[in-house]
Amino acid sequence: VDLSQYRLMETRVLVRREDGWRALPYVWNEEQTEARLARIGAIEPLTLVSDDGAREDFAYVVPNQTQCASCHATNSNTRALSPIGPRPRHLNREFAYADGAENQLDRLMRLGLLAGAPAAADAPRAADAFDASLPLETRARAYLDINCAHCHSEVGPADTSGLHLGPATAHNAHLGLCKPPIAAGSGSGGRRFAISPGAPDASILLFRMESTDPGAMMPELGRSTVHAEGVALIRDWISGLDGDCE
């Protein structure tokens, strides 16, 4: 990492021990020489500067050790922590490494870091959410998959919502189409349905993506600003959906 261009903020570690996974948050010092264990997390005031020069002050939040379970306990029945890194379908594409472009799965297998995987050509492949040459549907579903589906599944931490955002969910109420909220509370923003086809501004899903209110925003952790590109993608997707909740 070129520290003249980047500032290290935190390093989150999942350690596999005899009794299961443990989450350990570390925060880097001002000198960028070491990171220290911060079980209680941290809050760092920063300023985000966009490409057009606009500035936005925000609080960079490092979650505490307990908060890690809110996402990493992907099965509400066991509450055991587990890694939730990118799925193979999201890694199955070329990456521009320093020594040349190579498929990420192929590289991991060549380096001996991954075993037993099928050849990249035979493995599942998710769309690049921001490749405008690909269909909008596949891009939006890939975005929801990697950002939301580890919680929003049949057994995930958000299972009580009834909202399942994985790639296999059909276009029905579980995907949010014309689905009234179950446990959103004030997080509904006064909207009636998770997704109102053709009406993004009437959709709870988009409202929660656009919010920075801790009581309403989604994801609940991991961000303090709005991901403008992601919001634009999901807005376009909802705008193009057919249906009438009335």
Side-chain angles (χ1 to χ4, degrees), residues 1-50 55-76 78-91 93 95-99 104-105 107-109 111-115 129 143-153 155-158 208-209 211-230:
V1 176
D2 182 357
L3 295 181
S4 68
Q5 300 294 322
Y6 296 93
R7 176 180 171 185
L8 301 176
M9 298 299 300
E10 59 170 323
T11 296
R12 305 180 193 180
V13 179
L14 279 181
V15 179
R16 178 70 176 179
R17 294 180 174 160
E18 290 185 3
D19 59 346
W21 292 93
R22 291 291 178 268
L24 301 171
Y26 289 80
V27 176
W28 286 86
N29 61 9
E30 290 283 348
E31 296 75 25
Q32 302 282 272
T33 56
E34 64 177 352
R36 291 183 175 272
L37 182 63
R39 296 185 186 275
I40 62 172
I43 299 176
E44 181 75 18
L46 295 175
T47 300
L48 179 67
V49 182
S50 63
R55 303 174 69 88
E56 177 185 357
D57 294 331
F58 72 101
Y60 187 101
V61 179
V62 178
N64 63 49
Q65 190 170 12
T66 302
Q67 287 176 312
C68 296
S70 65
C71 286
H72 283 277
T74 55
N75 188 317
S76 294
T78 66
R79 297 298 298 166
L81 269 63
S82 64
I84 54 171
R87 310 284 185 180
R89 58 183 174 270
H90 295 285
L91 293 173
R93 65 180 61 143
F95 181 80
Y97 295 98
D99 56 352
Q104 294 177 99
L105 294 181
R107 187 180 184 91
L108 290 172
M109 288 188 284
L111 295 176
L113 299 174
L114 178 65
Y143 183 88
L144 293 174
D145 176 27
I146 199 169
N147 286 286
C148 314
H150 57 278
C151 281
H152 282 281
S153 72
V155 296
R208 302 194 80 168
M209 288 178 62
S211 177
T212 55
D213 178 354
M217 72 180 191
M218 285 290 169
E220 296 174 306
L221 297 173
R223 73 173 180 92
S224 299
T225 60
V226 176
H227 185 209
E229 295 84 357

Chemist: Do His150 and Pro219 make a side-chain contact, defined as non-hydrogen atoms from C-beta onward lying under 4.5 Å apart?
Modeler: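 They are not in contact (no side-chain heavy atoms under 4.5 Å apart), so the answer is no.
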Chemist: Got Cys151 and Cys71 here, is their nearest side-chain heavy-atom distance under 4.5 Å?
Modeler: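 When only atoms from C-beta onward are counted, Cys71 and Cys151 do touch, with a gap below 4.5 Å.
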Chemist: Using side-chain heavy atoms (C-beta onward) and a distance below 4.5 Å, is Arg7 in contact with Gln32?
Modeler: yes
Chemist: Heavy atoms, side chains only, cut-off 4.5 Å: are Arg93 and Gln104 in contact?
Modeler: yes
Chemist: Applying the side-chain hydrogen bond (donor to acceptor under 3.5 Å, both in side chains) test to Asp19, which of Arg17, Arg16, Arg22 qualifies?
Modeler: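 Of the listed options, the one satisfying the test is Arg22.
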Chemist: Do the non-hydrogen side-chain atoms of Met217 and Val226 ever get within less than 4.5 Å of each other?
Modeler: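 No, their side chains stay 4.5 Å or more apart.
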Chemist: Measuring from Glu34:CD to Trp28:CH2, what's the distance to the nearest 0.5 Å?
Modeler: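 Here the rounded value is 8.5 Å.
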Chemist: Under 3.5 Å, side chain of Arg208 to main-chain N/O of Ala216, donor-acceptor pair present?
Modeler: yes
Chemist: Between Arg12 and Val61, which heavy-atom pair has the shortest distance, and what is it?
Modeler: NH2-O, 4.4 Å
Chemist: Tyr97 ring centre to Arg107 NZ or CZ under 6.0 Å, with the angle to the axis within 45°?
Modeler: yes
Chemist: Using modelled atom types only, decide if a donor and an acceptor are shared between the side chain of Gln65 and the backbone of Ala23 within a distance under 3.5 Å.
Modeler: yes
Chemist: Could you pull out the closest heavy-atom pair between Ala129 and Tyr143, with the gap in Å?
Modeler: CB-CB, 4.0 Å
Chemist: So, for Thr225 and Glu56, which heavy atoms are closest and what is the spacing to 0.1 Å?
Modeler: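 Closest heavy-atom pair between Thr225 and Glu56: CG2-OE2, 3.8 Å.
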Chemist: Using a cut-off of 6.0 Å, state whether more than 12 heavy atoms not belonging to Ile40 lie near its atom CD1.
Modeler: no
Chemist: With heavy-atom distances below 4.5 Å as the criterion, would you say the side chains of Arg39 and Leu24 are in contact?
Modeler: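 Counting from C-beta outward, Arg39 and Leu24 do come under 4.5 Å.
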Chemist: If we check side-chain hydrogen bond (donor to acceptor under 3.5 Å, both in side chains) with Asp145, which of these qualifies: Arg89, His152, Arg87?
Modeler: Arg89
Chemist: Main chain of Ser224, side chain of Thr212: is a donor-acceptor contact present, judged purely on distance under 3.5 Å?
Modeler: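 Answer holds: no.
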Chemist: Return the OG to CG distance between Ser70 and Asn64, rounded to the nearest 0.5 Å.
Modeler: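 Going from OG on Ser70 over to CG on Asn64, the span is 9.0 Å.
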Chemist: For Arg79, I'd like to know if atom CZ has over 12 heavy atoms of other residues, nucleotides or ligands within 6.0 Å.
Modeler: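 It does: Arg79 CZ has more than 12 such atoms within range.
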Chemist: Using 0.5 Å steps for rounding, measure from the SG atom of Cys68 to the CG atom of Leu14.
Modeler: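 Interatomic distance, Cys68 SG to Leu14 CG, rounded to 0.5 Å: 7.5 Å.
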Chemist: Please find the pair of heavy atoms, one from Arg223 and one from Met209, that lie closest to each other, and give the distance.
Modeler: NH2-O, 3.2 Å
Chemist: Give a yes or no on whether the backbone of Gly156 and the side-chain of Ser76 come within a donor-acceptor separation of less than 3.5 Å.
Modeler: yes
Chemist: Side chains of Asn147 and His227: does their closest heavy-atom pair fall under 4.5 Å?
Modeler: no
Chemist: For a quick test of reading the model, state the closest non-hydrogen atom pair linking Leu37 to Pro25 and the distance between them.
Modeler: CD1-O, 3.5 Å
Chemist: Which atom names give the shortest non-hydrogen contact between Leu46 and Tyr60, and what distance separates them?
Modeler: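 Heavy-atom minimum between the residues: CD1-CB, 3.7 Å.
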Chemist: Passes side chain to side chain contact (heavy atoms under 4.5 Å, CB included), His72 versus Trp21? Steps please.
Modeler: CA-CA 10 Å; His72 283 277; Trp21 292 93; over 6 Å; no
Chemist: Between atom CG of Leu105 and atom CZ of Phe95, what is the distance when rounded to the nearest 0.5 Å?
Modeler: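 Those atoms lie 13.5 Å apart.
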